[in-house]
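For reference, positions follow the sequence shown, starting with 1.
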Amino acid sequence: MDGSSSSKRTVEAPPEVERSTKRLNVSIGVETLDCPICFEPLRPPIFQCSIGHCICSSCRGKQINKKCHLCSVETSFKRCFGMEHVVQSVIVPCYNAEYGCTEKVTYYQKEEHEKACQNAPCFCPESDCGFAGPIQVLLDHFTTKHKCPLTVLPDSGTTSLRLQMGLNVLQCTETSCFFLLGMALEPFGHAISVVCVQPNVIEPKFSCTNDNRLL
């Protein structure tokens, strides 16, 4: 053996094994996935005491003393990567799946998704009618079930309307929403209500002004 050569062997690290794509359908108590202090869904980063009790990052920042809220043990809260992996693996369907939503999100993102879900149901305001469904289905419901007159609004400019008593439907061509105009007879004239029908939104898209000019 050549004395100048090293007697140490070089061992190559094995290639990283890809994360398994296999999934199981299991049932788990919701309280396991919620912070036991604020009861909001746990999301990364998650912290645990020395015993193993988990809390969310928001509640960890509000801890006045160093005692765990559950076991009262003096401790320092550290990241719990195992629990973070668990909550990232829990996939749930949207509540609006029965109305056509096919999205599946992590449990802690479920509420945020449902607030902006375009398949959130809208409800028919007619008395003794409990119909609920997505916007397009509800639009068809008004025109076929309740025989409401339908007017398609132009993309721009102004338009004139001849309303009938009861509900009248105005459809927007460039958006997924539509308007319900209700006209009712009052002792001193007619009362008109305007309702924009659209899924859950964070900010309103429309405003209404009143022009009292008589023609």
Side-chain angles (χ1 to χ4, degrees), residues 23 25 30 33-34 38-43 58 87-88 90-215:
R23 304 193 66 88
N25 292 326
V30 174
L33 304 174
D34 292 340
C38 65
F39 304 107
E40 292 294 325
L42 288 168
R43 64 182 65 210
S58 177
V87 298
Q88 289 173 326
V90 178
I91 306 298
V92 296
C94 174
Y95 177 81
N96 302 313
E98 62 177 303
Y99 300 110
C101 182
T102 59
E103 291 288 331
K104 292 186 178 181
V105 297
T106 56
Y107 170 73
Y108 60 83
Q109 294 175 320
K110 184 174 184 289
E111 183 177 354
E112 297 169 6
H113 164 77
E114 290 174 354
K115 286 181 178 179
C117 180
Q118 293 299 305
N119 290 281
C122 297
F123 300 87
C124 179
E126 288 280 20
S127 59
D128 301 326
C129 182
F131 181 86
I135 281 187
Q136 189 58 48
V137 178
L138 183 62
L139 177 61
D140 295 337
H141 170 79
F142 280 121
T143 56
T144 57
K145 176 68 175 180
H146 299 295
K147 307 300 181 183
C148 298
L150 172 66
T151 301
V152 179
L153 298 176
D155 296 337
S156 61
T158 60
T159 186
S160 298
L161 301 174
R162 186 178 296 273
L163 300 180
Q164 300 181 16
M165 297 295 294
L167 290 178
N168 299 259
V169 180
L170 305 182
Q171 183 180 10
C172 305
T173 56
E174 292 187 343
T175 63
S176 59
C177 66
F178 64 89
F179 294 89
L180 283 181
L181 274 68
M183 186 168 69
L185 183 62
E186 297 292 338
F188 300 100
H190 293 83
I192 299 177
S193 63
V194 181
V195 176
C196 179
V197 181
Q198 58 184 333
N200 298 330
V201 292
I202 305 301
E203 297 291 340
K205 297 180 181 179
F206 304 96
S207 60
C208 183
T209 58
N210 185 21
D211 190 344
N212 291 319
R213 290 179 299 175
L214 298 178
L215 300 179

I need the Leu180 CG to Asn168 CG distance, nearest 0.5 Å.
9.0 Å
Using a cut-off of 6.0 Å, state whether more than 12 heavy atoms not belonging to Glu111 lie near its atom CD.
no
Nearest heavy-atom neighbours spanning Thr143 and Asp140
OG1-O, 3.1 Å
How far apart are the closest heavy atoms of Met183 and Ile192, and which atoms are they?
CG-CG1, 4.1 Å
In the structure I gave you, are the side-chain heavy atoms of Gln136 and Pro134 within less than 4.5 Å of one another anywhere?
no
Can you name the ring-ring contact (aromatic ring centres under 6.0 Å, His included) partners of Phe123, sequence neighbours left out?
none
For the student: nearest non-hydrogen atoms of Tyr99 and Asn119, plus distance
CB-O, 3.4 Å
Is the shortest side-chain heavy-atom distance between His141 and Cys124 below 4.5 Å?
yes
What's the spacing between His146 NE2 and Glu126 CD if we round to 0.5 Å?
5.0 Å
Among Ile135, Val195, Thr151, Leu170, whose side chain to side chain contact (heavy atoms under 4.5 Å, CB included) with Phe178 holds?
Ile135
Heavy-atom closest pair (Pro149 atom, Leu167 atom, distance to 0.1 Å) is CD-O, 3.5 Å
Run the numbers on Asp34 and Tyr107 for side chain to side chain contact (heavy atoms under 4.5 Å, CB included), then give the verdict.
CA-CA 10 Å; Asp34 292 340; Tyr107 170 73; 2.9 Å; yes
Rounded to the nearest 0.5 Å, what separates atom CG in Leu181 from atom SG in Cys148?
11.0 Å
Quick one: are Cys129 and Lys145 in side-chain contact, heavy atoms under 4.5 Å?
no
Might you point out which heavy atoms bring Gln88 and Thr106 nearest each other, and give the distance in Å?
O-CG2, 3.6 Å
Flag if over 12 foreign heavy atoms under 6.0 Å of CZ, Phe131:
yes
Supply the atom-to-atom distance Gln109 CD to Arg43 CZ, rounded to the nearest 0.5 angstrom.
7.0 Å
Interatomic distance, Lys110 atom NZ to Leu33 atom CG [nearest 0.5 angstrom]
12.0 Å
Taking all heavy atoms of Ala191 and all of Glu186, pick out the closest pair and write down the distance.
CB-CG, 3.6 Å
